[in-house]
Amino acid sequence: MSRTDFGPPHYSTLIPDIIKENYGKWLYHEQIRPGVLKHVSETGAELYTVRVGSPRLASIDFIREICEIADKYSKGHLRFTSRHNIEFLLDDKEMVEPLLEELARRGLPVGGTGHSVSNIVHTQGWVHCHSAATDASGLVKSLMDGLYDYFVENKLPNMVRIAVACCLNMCGAVHCSDIAIVGIHRKPPRIDHERLHKVCEIPSVIQSCPTGAIKPNPKLKSVDVNPDKCMYCGNCYTVCPAMPIADPENDGVAIFVGGKVSNARTAPKFSRLAIPYLPNNPPRWTETVEAVKHLLEVYAENALPGERYGEWIERIGWERFFKLTGLPFTEKHIDDFIFAPTTFRTTTQFNW
Amino acid sequence: MSRTDFGPPHYSTLIPDIIKENYGKWLYHEQIRPGVLKHVSETGAELYTVRVGSPRLASIDFIREICEIADKYSKGHLRFTSRHNIEFLLDDKEMVEPLLEELARRGLPVGGTGHSVSNIVHTQGWVHCHSAATDASGLVKSLMDGLYDYFVENKLPNMVRIAVACCLNMCGAVHCSDIAIVGIHRKPPRIDHERLHKVCEIPSVIQSCPTGAIKPNPKLKSVDVNPDKCMYCGNCYTVCPAMPIADPENDGVAIFVGGKVSNARTAPKFSRLAIPYLPNNPPRWTETVEAVKHLLEVYAENALPGERYGEWIERIGWERFFKLTGLPFTEKHIDDFIFAPTTFRTTTQFNW
Amino acid sequence: MANEEKKTPLLDQLEEGRWPSFVKEIKKAAAKNKKAEALLGQLELSYREKKVHWKHGGIVGVKGYGGGVIGRYSDVPEQFPEAAEFHTIRVNQPAGWFYTTEALRKLCDIWEKYGSGLTNFHGSTGDAILLGTDTDKLQPCFDELAEAGFDLGGSGSDLRTPSCCVGPARCEFACIDTLDVCHEITMEFQNELHRPMWPYKFKIKIAGCPNDCVASIARADLSVIGTWRDAIRVNQEEVKAYAEAGFDIQGLVVDKCPKKAVKYNAETREIVIDNESCTRCMHCINEMPKALRVGKEGGATLLIGAKAPIVKSAFMSWVIIPFMELKPPYTELKDFIRTITDWWDENGKTRERIGETIYRLGMPKFLRDTGIKPVPQMVTAPRANPYYFWYPEEVK
Amino acid sequence: MANEEKKTPLLDQLEEGRWPSFVKEIKKAAAKNKKAEALLGQLELSYREKKVHWKHGGIVGVKGYGGGVIGRYSDVPEQFPEAAEFHTIRVNQPAGWFYTTEALRKLCDIWEKYGSGLTNFHGSTGDAILLGTDTDKLQPCFDELAEAGFDLGGSGSDLRTPSCCVGPARCEFACIDTLDVCHEITMEFQNELHRPMWPYKFKIKIAGCPNDCVASIARADLSVIGTWRDAIRVNQEEVKAYAEAGFDIQGLVVDKCPKKAVKYNAETREIVIDNESCTRCMHCINEMPKALRVGKEGGATLLIGAKAPIVKSAFMSWVIIPFMELKPPYTELKDFIRTITDWWDENGKTRERIGETIYRLGMPKFLRDTGIKPVPQMVTAPRANPYYFWYPEEVK
Ligand code: SRM
Ligand code: SRM
Ligand code: SRM
Ligand code: SRM
Ligand code: SF4
Ligand code: SF4
Ligand code: SF4
Ligand code: SF4
Ligand code: SF4
Ligand code: SF4
Ligand code: SF4
Ligand code: SF4
């Protein structure tokens with residue numbers, strides 16, 4: 001047995017010299033162009049960061065490729081961002097242009113800073129998770145192809161954070177994103193009564209259901225699902241493989257909008273349902289890409305400079321959001337879970 | 001058997017001529033002085049309203065007294081307001097002063113309009129309800145004596161609506177008042193096991209408990225209360241007389257602040273806990289009167305013109321409200337019921 | 001006199017002070033009436049012991065009615081035999097609480113004959129409350145009330161007495177005829193008002209404009225609140241007059257408009273309102289009633305669900321119908337009331353208010369069952385969770 | 001080539017377009033590795049059938065660890081035998097995701113030897129994820145990782161790999177040393193990180209300032225967010241420079257301050273900040289980083305409870321400690337983590353996140369049990385319902 005519990009490498013062994021020297025001394029920054037940041041230190045030192053879009057699902061070839069680039073331009077140092085972009089950290093201004101040229105040659109997109117759409121935080125999907133109601137990688141690739149210009153340019157009122165989660169477990173933590181795409185099921189799980197008592201603990205299965213839709217079926221030593229109460233979250237399947245819920249005909253995605261995480265100006269916000277369902281349409285998820293583009297365009301046209309998606313909607317009101325986007329407002333948009341009453345309008349203040 | 005279902009007298013038989021003639025034609029109003037309103041009609045007609053504080057719990061002598069006044073000054077017409085004040089409706093400006101003099105002679109307070117404390121909406125209390133944790137009439141009388149100047153003058157930033165409910169049933173509908181006073185219990189109900197099964201339906205008793213504190217006790221054909229889960233709401237007592245909860249030593253009142261009903265500027269708001277407990281101290285509830293006065297004074301000193309109580313607090317933040325009032329903030333102020341998480345602060349935005 | 005004072009030393013202290021004293025009222029009644037005298041004594045006992053001395057009400061009433069009377073019994077009848085029974089009669093007030101002295105005197109005369117002589121003008125639902133009589137007086141008392149034209153209000157699991165603000169009778173802000181709506185609805189639902197038949201109580205309050213002077217949004221299962229669909233009417237001459245009078249239009253009106261929908265040009269002294277952004281909060285109109293008026297196309301927003309905290313928490317009413325025209329005979333409103341109460345009657349549990357039933361079963365189900373169209377005005381924001389339902393016809 | 005293209009006609013379409021293609025990545029790996037090739041095939045099947053082809057993970061791992069590996073099995077192993085087992089290894093990333101090419105290459109070399117050659121840089125909790133290996137490769141792979149200095153991250157009901165924003169390494173806004181806090185906490189809680197022992201997972205994310213560039217308030221059971229206690233530092237010379245450059249200070253900064261705490265004098269071109277009203281939202285600083293700086297007295301706000309929607313709804317973290325100084329060795333923070341996780345361990349049900357336990361048992365109980373002092377900063381508003389508890393020592 002090898003040693004254990006030694007933890008990750010210490011960051012100080014990995015950061016470039018310029019950062020070591022200016023650690024905690026940064027004074028201000030500028031965006032030189034989309035994807036390129038300049039940070040200036042109290043010492044006068046200047047650090048240039050070039051941000052590059054990553055597929056996240058990367059082969060070791062890809063990692064080696066970026067290592068090659070880092071060796072050439074940033075003294076063998078690089079980092080990844082919290083949204084999975086790659087950042088080359090340059091202490092030499094002169095290397096910025098050559099690096100940009102090289103990246104262009106290699107077809108690697110530079111951007112994601114400032115008022116852009118940055119990389120989409122996402123999850124495993126059909127690539128690696130049993131739970132997925134949609135694929136994540138394919139959806140993200142299709143989306144980013146469609147939104148490419150928004151990544152490499154700064155043409156939005158503020159940053160727009162998009163996230164994808166392939167099931168309601170929401171590993172993409174999409175619930176506070178400007179635009180959130182979530183894989184959903186639309187039919188109750190199917191129960192394999194034969195197998196259930198062998199592989200699942202019935203009390204945990206029952207407890208797993210947020211709406212209390214699962215009741216014991218003592219006769220079959222199994223459980224039953226009340227189809228009127230089930231809202232297809234799949235949590236029973238998470239705890240019990242004998243309750244498969246994936247359904248090619250009916251699975252798809254939902255789109256939520258208006259969330260944010262930063263405390264800038266307004267408090268963090270949850271994303272809210274905009275489009276209850278779009279079909280899974282691999283490999284290009286055309287409807288979803290079009291819908292997201294449309295959501296972005298309406299925002300870009302109507303929000304004031306600096307307004308985040310949710311700030312814009314709050315200013316104009318949801319009734320106008322649905323009008324401007326032309327999206328239908330349905331009963332599905334109205335909450336009926338625990339905190340529902342706190343989302344109901346308890347004022348006569350609204351627009352027509 | 002006399003006739004049934006004939007309904008209340010038709011309003012048209014009760015309104016004065018000037019109102020009949022100008023019904024729906026009113027153009028604007030002015031407050032001539034606190035307690036006196038002038039409404040001007042499209043027809044040019046002028047209606048003078050004189051608002052008078054009422055004890056609400058009134059003898060027929062009192063009603064006859066105000067009838068006498070109405071006959072003399074307002075052609076035999078009067079009305080009551082939604083806060084139980086009396087309004088004399090005069091079509092003759094010349095009668096206003098004499099009326100005011102007469103009211104002064106009779107010791108009836110004129111006020112309650114504009115930026116005042118109007119009459120306190122309240123409930124039965126020990127006068128007439130089995131459920132009361134405090135008296136309403138005595139509390140209100142003591143409060144209005146203490147706040148008298150705020151009734152007859154306009155010296156507040158905006159209206160302040162005070163309400164009293166003698167138990168958590170909240171017949172005074174205090175839950176959206178600028179200042180709300182609620183009678184509370186502080187110990188679980190005592191169970192009369194002998195009597196319970198005779199006078200109560202056990203399933204309804206169990207269902208009545210908001211926190212699920214009541215469990216059946218099949219042995220005694222009765223129920224048990226889990227003292228850790230009981231928060232003394234008294235609803236079990238409402239449905240079951242064998243669970244008395246009144247307790248002279250521990251009953252008292254709580255004070256909530258910052259609610260409103262109007263849609264003016266901000267949406268209606270719930271009142272929020274400010275003071276978890278003050279003792280029942282009849283006949284004058286000194287602590288409560290002092291607390292309410294204090295709450296009013298801090299508001300009067302600090303709010304901007306036109307700001308309602310809750311609007312003021314929202315602007316400055318609850319942390320400053322507690323600082324300015326000097327009230328202790330305790331764990332009791334933090335919600336732990338169904339919607340609790342929606343009241344927790346999910347932002348780093350706050351003041352020290 | 002000295003003797004009497006000793007009887008109620010605590011209550012006596014409440015005769016002092018500038019606010020009208022309910023103790024004086026009880027004493028006035030007590031001077032002529034034994035029940036009132038007993039009440040005084042029992043109340044003094046409560047003050048002394050800090051404890052209520054009433055028992056749960058039993059079922060008492062008048063013939064043909066299931067509600068309108070609250071039975072009340074003393075738990076110390078041996079001490080105060082005259083208060084042993086102390087029922088109240090809820091008299092349905094006239095819309096807007098308008099009275100002639102003639103009508104009021106009739107009420108007083110009847111109550112002098114059959115009751116304690118004590119009243120509440122009014123109860124917090126809106127009724128005129130006659131406070132304290134015996135079981136055997138209920139019927140004769142009601143008979144005389146009926147003769148005088150006064151019917152009972154609601155109690156128990158029925159429609160409670162609707163009430164309304166003064167509205168067009170005296171208020172320039174009224175967007176609907178609150179008195180007429182209140183009266184007509186009261187008349188239409190006499191059966192529901194007088195015969196408890198529902199899971200629990202159901203209250204209706206009607207306000208003429210969003211100022212909501214009857215607190216309907218906080219206190220009525222159905223809140224009817226006047227509003228308008230067109231533009232705020234501006235009288236620029238009067239705007240100038242306000243400005244000339246030194247009124248701070250910018251600070252007190254423009255800056256406080258929640259939607260930044262008021263623009264004031266300090267040079268021309270004119271106001272422009274962006275009626276598309278305005279959410280009709282009333283603030284600017286409240287501040288400048290001579291210059292600004294509500295729109296001409298009046299109607300009401302209908303909201304559902306307000307109630308006190310027990311069991312699930314206090315609710316305020318929720319927007320269900322953003323706009324309904326309200327013209328006599330108010331058929332649409334009456335049908336709406338039937339639709340929602342029928343749904344509730346079918347789906348509600350005992351002692352569950354309509355708002356609680358909607359909460360338990362979900363607004364989407366409520367809308368689906370009743371055929372009411374979902375609109376964004378119903379919510380401050382759409383749901384944040386992904387827990388919604390699909391119906392068989394929507395999936396493959 | 002023509003042949004190969006036919007094999008994955010759907011995925012091939014994802015090689016097109018300007019954004020880097022994960023399909024190209026899988027193909028690159030597939031060219032050298034059978035597992036990656038199998039993955040490609042199975043994924044194409046999923047695309048064709050619109051259906052996932054993985055089964056629930058079984059318990060697999062390496063010696064001495066209870067987490068760090070996610071077991072994964074194909075449900076079509078007959079079709080794709082090489083994908084029959086396809087486990088992932090979570091490698092604890094260095095704080096701030098800084099790497100040298102040397103370190104990265106080591107990882108690649110090891111993964112070339114033992115795995116599919118596919119990775120995620122990074123997983124959404126923060127780990128470097130090595131995607132796809134067989135059960136029997138886990139131990140040797142880890143042994144080599146360990147040798148190269150890379151430990152496992154978290155999985156299962158344990159402390160998940162903490163992560164942090166770039167902080168003082170490259171950001172002028174950092175109020176705390178995010179990297180050091182992250183590393184030190186990770187080291188302190190190695191046992192909790194590697195051996196699932198709690199009711200459910202527990203995540204920590206550390207952001208240097210309220211911009212929260214690691215989304216900790218949405219995604220971490222414990223969110224540590226930098227802030228300051230003193231005043232925003234203003235450089236008036238730079239304010240003037242912004243003004244001269246034509247930057248709209250009034251419109252973009254002053255008017256957008258949520259607390260109206262910024263005053264700008266257009267004549268003197270100076271800014272005054274009312275630091276008592278400021279809630280440190282960062283907006284003005286974000287807009288004018290050259291002129292405005294966070295305060296000097298840095299520390300962190302600690303918030304608890306964020307999580308995804310299942311079961312009770314998504315939560316964002318709740319303020320629990322408005323301000324904690326964070327200086328090495330971070331004893332106070334470590335103690336705090338122990339206090340709250342101990343409480344949760346004692347009180348939480350299986351598969352209940354700490355936020356859910358607090359919700360179920362009530363924040364007041366949580367505070368009482370842990371001895372954390374209630375302060376108004378914990379709530380946006382005090383409770384509206386009157387349902388609070390009294391303890392025996394508080395009543396008679
Ligand atoms: C590199 C990164 C931190 C890291 O450790 O990896 C980072 C770096 C910076 N962030 Fe960030 N943020 C990063 C993720 C985030 C996130 C988290 C996320 O997206 O999941 C947020 C919260 C997003 C949200 O609210 O939903 C975030 C909200 C901000 C904000 C707030 C903007 C707002 O108005 O709400 C600022 C301030 C600003 O942009 O003016 C900011 C500002 C900055 C600055 C300017 C800070 C500085 O002075 O260096 C950095 C460059 C910003 C840029 O991209 O233009 N950063 N930033 C992350 C880059 C992610 C990426 O690849 O795109
Ligand atoms: C790999 C990763 C997604 C990714 O592609 O990045 C992931 C993958 C899985 N997550 Fe996750 N979660 C991942 C980050 C998250 C996040 C985001 C975060 O940590 O910031 C969340 C939302 C935040 C949160 O924790 O609530 C998240 C919320 C869940 C949940 C729901 C937990 C809940 O309390 O509601 C589950 C369900 C469960 O635990 O059974 C889950 C379960 C899973 C499982 C283990 C599926 C399962 O039930 O067995 C997935 C394994 C997929 C696979 O085979 O590779 N994952 N998971 C992320 C971890 C990578 C890493 O270590 O860096
Ligand atoms: C007479 C009465 C209606 C009735 O049918 O009885 C009434 C009458 C008027 N109200 Fe009211 N309101 C009356 C109860 C209410 C209530 C209900 C309550 O108190 O329970 C409210 C909601 C209170 C709340 O929000 O908590 C109410 C909120 C308003 C407002 C909104 C003020 C605000 O800024 O929030 C206005 C507008 C104003 O005052 O500028 C208003 C304005 C008015 C006007 C000016 C309307 C008009 O043009 O005639 C009337 C004279 C006001 C005055 O007193 O200065 N009235 N008003 C009620 C008098 C009660 C009393 O005796 O004091
Ligand atoms: C008389 C009155 C208080 C007053 O002094 O004005 C009153 C008195 C009683 N209310 Fe009430 N409620 C009165 C208005 C209200 C209001 C306010 C309103 O209607 O605007 C409310 C809050 C709004 C609401 O309906 O939620 C109110 C919420 C309750 C509740 C709690 C209902 C709930 O769903 O939570 C109860 C408990 C019950 O129904 O068992 C209740 C029960 C009672 C009972 C019948 C006590 C009982 O459980 O038997 C009280 C009889 C007292 C007595 O002996 O006279 N009363 N009650 C009000 C009726 C007078 C009238 O008809 O005009
Ligand atoms: S979101 Fe769901 S399907 Fe996607 S990785 Fe997480 S658990 Fe798996
Ligand atoms: S899918 Fe979700 S809602 Fe449906 S039975 Fe399973 S756990 Fe319950
Ligand atoms: S608030 Fe309670 S005690 Fe007071 S009248 Fe209503 S039910 Fe009775
Ligand atoms: S008083 Fe309220 S909380 Fe306590 S047992 Fe009775 S119903 Fe339950
Ligand atoms: S609610 Fe509106 S219409 Fe009715 S009295 Fe109040 S201000 Fe006038
Ligand atoms: S009514 Fe209210 S929202 Fe409309 S313009 Fe006037 S102040 Fe603004
Ligand atoms: S959270 Fe603050 S300190 Fe950290 S990178 Fe973002 S802006 Fe900088
Ligand atoms: S940090 Fe935010 S709240 Fe503070 S002054 Fe700047 S903009 Fe205003």
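- Proximity of the aromatic rings of A:Tyr237 and D:His56 is defined here by a centroid distance below 6.0 angstrom, and this criterion is met.
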- Task: Might you work through the side chain to side chain donor-acceptor pair (under 3.5 Å) test for A:Ser204 and D:Arg351, ending with a clear yes or no?
- Result: CA-CA 9 Å; A:Ser204 347; D:Arg351 284 180 66 79; over 6 Å; no
- Message: Run D:Lys256 and A:Glu311 through salt bridge (Lys or Arg N to Asp or Glu O under 4.0 Å) and show every step you take.
- Response: CA-CA 11 Å; D:Lys256 294 200 167 190; A:Glu311 293 172 331; over 6 Å; no
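- Contacts between A:Ile338 and chain D at a heavy-atom distance below 4.5 Å involve the side chain alone, from C-beta outward.
- In this structure, the portion of A:Leu47 lying under 4.5 Å from any heavy atom of chain D is its side chain and not its backbone.
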- Query: Does the salt bridge (Lys or Arg N to Asp or Glu O under 4.0 Å) test come out yes or no for D:Arg18 and A:Asp149, once each step is laid out?
  - Reply: CA-CA 10 Å; D:Arg18 289 180 289 177; A:Asp149 291 343; 3.2 Å; yes
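- Note on A:His77, A:Lys20, A:His84: by heavy-atom pairs under 4.5 Å with chain D, the leading option is A:His84.
- In this structure, chain D has heavy atoms under 4.5 Å from both the backbone and the side chain of A:Cys233.
- Ring geometry for D:His122 versus A:Phe80: interplanar angle over 60°, hence perpendicular rather than tilted (30 to 60°).
- For the set A:Ser142, A:Cys166, A:Gly53, A:Pro16, the entry with the most heavy-atom pairs within less than 4.5 Å of chain D is A:Gly53.
- Closest heavy-atom contact between D:Leu10 and A:Pro283: O-CB, 3.3 Å.
- The pair D:Arg195-A:Asp5 meets the salt-bridge criterion, with a side-chain N (NZ, NE, NH1 or NH2) lying under 4.0 Å from an Asp/Glu carboxylate O.
- For A:Phe337, the part sitting under 4.5 Å from any heavy atom of chain D is the side chain, from C-beta outward, and nothing else.
- In terms of modelled atom types and a separation under 3.5 Å, the side chain of D:Asp151 and the main chain of A:Phe6 share a donor-acceptor contact.
- For the pair A:Lys141/D:Lys24, no side-chain contact is recorded, criterion being any heavy-atom separation below 4.5 Å from C-beta on.
- For the pair D:Thr186 and A:Pro8, the tightest heavy-atom approach, listed with the atom from each and the gap, is CG2-CD, 3.7 Å.
- Residues D:Cys171 and A:Trp26 fail the side-chain proximity criterion, which asks for heavy atoms closer than 4.5 Å.
- Taking the six-membered ring for Trp and thresholds of 30 and 60 degrees, A:His128 and D:Phe86 have ring planes inclined between 30 and 60 degrees apart.
- Under the 30°/60° scheme for interplanar angles, the aromatic rings of A:Phe339 and D:Phe315 are found to be tilted.
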